[in-house]
Amino acid sequence: MQNILQRAAGLCAIACISIFVAGCETRDHGSVRSASTAKSSGPETPNPVVAIPAVLPHTNQPPADAKYASSNVPGVPFPKIDSRRRAYFRIVAPNATNVSVSLPGGRSMTKGVDGVWTVTTSPLAPGFHYYTISIDGATVSDPASESYFGTGKMSSAIEVPSPGEDFYLPKDVPHGDIRAHYYFARSTGKTRRCFVYTPPDYDTNPAAHYPVLYLQHGMGEDARGWATQGRVGFILDNLIAEGKARPMLVVMDDGGITPGAMGGPRRGGGPMFWDKFTQVLIEDIIPMIDATYRTIPDRQHRAMAGLSLGGTQTWEITQAHLDTFAYIGSFSAPFGFPEVPGGFNGLLGDPAAFAKQVNVLFVSVGSAEGGMTGGSRTFHQALDQAGIRHVYYASPGTAHEWQTWRRSLHEFAPLLFQTGQGSNP
């Protein structure tokens with residue numbers, strides 16, 4: 001009897017430790033099944049349970065203030081994030097010889113005697129970060145993370161809290177909807193999908209008509225980017241509830257800036273692979289939105305903005321179609337800035353004429369961005385020197401990432417469609 005009790009206690013310890021380390025996925029790795037098999041061996045079988053150390057041999061234990069990442073799959077305890085914004089990972093790979101996570105500090109993973117690899121990353125910038133796991137050279141997604149379309153594929157990501165910032169989080173306020181809208185685009189001969197944010201009173205106030213912001217994603221992402229990674233719904237819900245932004249529609253479509261999405265990869269000397277989106281937007285999307293939703297269908301109630309390469313698209317489209325948009329925003333565009341003074345058909349050489357045509361010109365960048373994205377700062381300086389009124393915003397401490405663009409939208413949206421607005425603020 002004593003031998004049976006010892007064996008049961010040992011098996012319980014194994015199961016409890018495995019569940020603590022690996023969360024809900026423990027069953028998939030055989031921990032529960034192996035326990036039941038051992039139990040069925042009977043008291044006459046030599047006890048197969050090895051000695052279990054009182055403390056797991058992991059040095060990367062999270063502190064008491066560490067919490068589950070909100071981007072985790074429900075019920076999975078790791079990764080966790082502590083108050084210093086360090087992430088703690090637990091990866092079950094007992095037969096692997098090398099495991100790493102593609103985040104700062106994520107290459108120094110250690111393997112415990114239980115086959116679980118652990119690591120504590122360096123402090124991460126607040127916001128949303130894509131990552132992958134490498135197991136013996138194979139790059140895979142993390143089954144503990146929700147999946148997001150970014151970097152040209154479905155990817156894992158971790159959401160790092162930003163103390164003192166909650167503008168992009170759900171609050172106890174009236175919420176709008178984000179609707180998946182399918183339509184046939186005659187310019188391409190294909191059925192397409194866009195996402196449309198409708199403000200909280202859209203369905204309850206049928207007499208109201210709304211201005212529209214056309215909001216574009218970045219390279220390697222698609223129409224889901226702003227709706228999911230960007231938290232556009234919560235940002236607009238909160239601004240509208242605070243009386244800081246006018247209720248508006250936000251249309252998010254696939255800009256074709258994942259290579260091959262619209263017309264194949266870039267070719268030397270030819271048009272950019274994303275250029276076909278201009279025709280789709282002007283000939284298909286805008287007329288469809290105006291015919292389907294209760295919009296105010298004129299340029300004074302229409303805006304366009306985009307992040308990264310979506311910002312480059314915004315420059316291209318608005319310069320060619322200034323009769324369509326009166327509000328323009330560029331978040332971390334890498335290139336394609338209008339020339340000063342020749343841009344917008346020479347309007348950037350005439351501050352007064354430009355102010356009559358463009359109600360708001362908004363340029364933003366992350367303060368930690370470098371490389372091509374530094375062009376936003378250069379463009380801002382050129383506008384200043386030319387006397388062109390505009391709004392410039394630098395997101396403090398963030399780089400080319402979603403927290404920069406969430407903050408940019410939070411700054412940009414309150415400037416749009418204000419009553420009596422006839423010139424730049």
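Computed from heavy atoms alone, side chains included, the values below leave out hydrogens, waters and symmetry copies. A quick note: this is a predicted structure, and the numbers were derived from the prediction, not measured.
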[X]-[Y] aromatic ring centre distance below 6.0 Å:
X: F184; Y: Y182; answer: no
X: Y131; Y: F89; answer: yes
X: Y327; Y: F417; answer: yes
X: W402; Y: Y168; answer: no

side-chain hydrogen bond (donor to acceptor under 3.5 Å, both in side chains) against [X], all qualifying residues, sequence neighbours excluded:
X: R231; result: none
X: S155; result: T151
X: Q279; result: E283

Passing option when H380 is tested against F362, Y392, F337 for ring pair (Phe, Tyr, Trp, His ring centres under 6.0 Å): Y392
Inspect the surroundings of [atom1] in [X] and state if more than 12 heavy atoms from other residues, nucleotides or ligands are less than 6.0 Å away.
X: K67; atom1: NZ; value: no
X: R84; atom1: CZ; value: no
X: D201; atom1: CG; value: yes

E221 and side-chain contact (heavy atoms from CB on, under 4.5 Å): which partner among M219, R224, H217? H217
Closest heavy-atom contact between [X] and [Y]?
X: F149; Y: Q229; value: O-NE2, 3.0 Å
X: T404; Y: A399; value: OG1-O, 2.6 Å
X: P199; Y: L249; value: CD-CD2, 3.8 Å

